[in-house]
Amino acid sequence: MKYILKKNIVLIGLMGVGKTTIGKKLAKKMEVSFTDSDEEIEIAAGMSVSEIFNKFGENYFREGEKRVMKRLLNEKPRVVASGGGAFISEEIRKLISETS
């Protein structure tokens with residue numbers, strides 16, 4: 001059964017707990033869009049998350065993460081797998097609260 005989301009469904013948790021795996025299955029079951037925020041960051045940066053951390057550091061990565069999360073959460077509602085550390089940002093927590 002296809003759902004029409006009015007708000008985002010954001011999966012939050014530590015790295016490696018299965019947010020992407022569960023998010024894909026949930027989105028498929030609901031017939032809605034799914035996006036992994038780390039994959040979107042990698043596309044925007046043209047490098048992997050680990051390469052961004054190694055080359056530019058965590059603060060640089062977190063700023064990019066904020067930009068990507070703002071974009072994703074303000075577009076059409078979907079299922080989003082957030083990065084493992086995204087929820088440490090007060091700004092991202094507030095945005096999730098407002099859009100999800």
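Open room surrounds CG on N59; 12 or fewer heavy atoms of other groups in view lie less than 6.0 Å from it. In this structure, F53 places its CZ atom where more than 12 heavy-atom neighbours from other residues, nucleotides or ligands lie under 6.0 Å away.
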Practice task
Could you check F61 against D38 for side chain to side chain contact (heavy atoms under 4.5 Å, CB included), going step by step and ending with a plain yes or no?
Solution key: CA-CA 10 Å; F61 173 80; D38 281 348; 3.8 Å; yes

Practice task
Would you please test K70 and E91 for side chain to side chain contact (heavy atoms under 4.5 Å, CB included) and show each step?
Solution key: CA-CA 9 Å; K70 283 179 187 177; E91 190 175 347; 2.5 Å; yes

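Annotation for N8 and P77: closest pair OD1-CA, 3.3 Å, computed over non-hydrogen atoms. Contact record, E98 with K7: O-NZ, 4.3 Å, taken as the closest heavy-atom pair. When all heavy atoms of G83 and S37 are compared, the pair lying nearest together is N-OG, 3.0 Å. Residues S82 and V10 approach most closely at CB-CG1, 4.2 Å, considering heavy atoms. Counting all heavy atoms, side chain and backbone alike, L72 lies closest to T35 at CD2-CG2, 3.7 Å.
By the 4.5 Å heavy-atom criterion applied to side chains, F56 and M47 are counted as neighbours. In this structure, the side chains of L26 and F34 stay at 4.5 Å or more apart for every pair of heavy atoms.
Both F87 and L95 sit in one connected hydrophobic cluster of ILVMFWY residues. Membership requires side-chain heavy atoms under 4.5 Å apart, directly or through other members. Hydrophobic clustering, with ILVMFWY side chains joined whenever heavy atoms are under 4.5 angstrom apart, keeps V17 apart from V49. Under a hydrophobic clustering in which Ile, Leu, Val, Met, Phe, Trp and Tyr are joined whenever their side-chain heavy atoms come within less than 4.5 Å, directly or via other members, M30 and V80 fall into different clusters. Both V68 and I52 are members of a single hydrophobic cluster when ILVMFWY side chains are connected at heavy-atom separations under 4.5 Å. Note on L11 and Y3: same hydrophobic cluster, where clusters join Ile, Leu, Val, Met, Phe, Trp and Tyr whose side-chain heavy atoms are under 4.5 Å apart, directly or indirectly.
Taking OG of S100 as the start and CZ of R78 as the end, the distance is 11.0 Å to the nearest 0.5 Å. Remark: I41 CD1 to R67 CZ distance equals 9.5 Å, nearest 0.5 Å. For the atom pair N74 CG and M69 CE, the distance stands at 10.5 Å (nearest 0.5 Å). Expressed to the nearest 0.5 Å, how far CD1 of I88 lies from CD1 of I12 amounts to 12.5 Å. For the atom pair S97 OG and E90 CD, the distance stands at 11.5 Å (nearest 0.5 Å).
Taking 4.0 Å as the cut-off between side-chain N and carboxylate O, E75 and R71 count as a salt-bridged pair. A salt bridge links R62 to E65: at least one charged side-chain nitrogen sits closer than 4.0 Å to a carboxylate oxygen.
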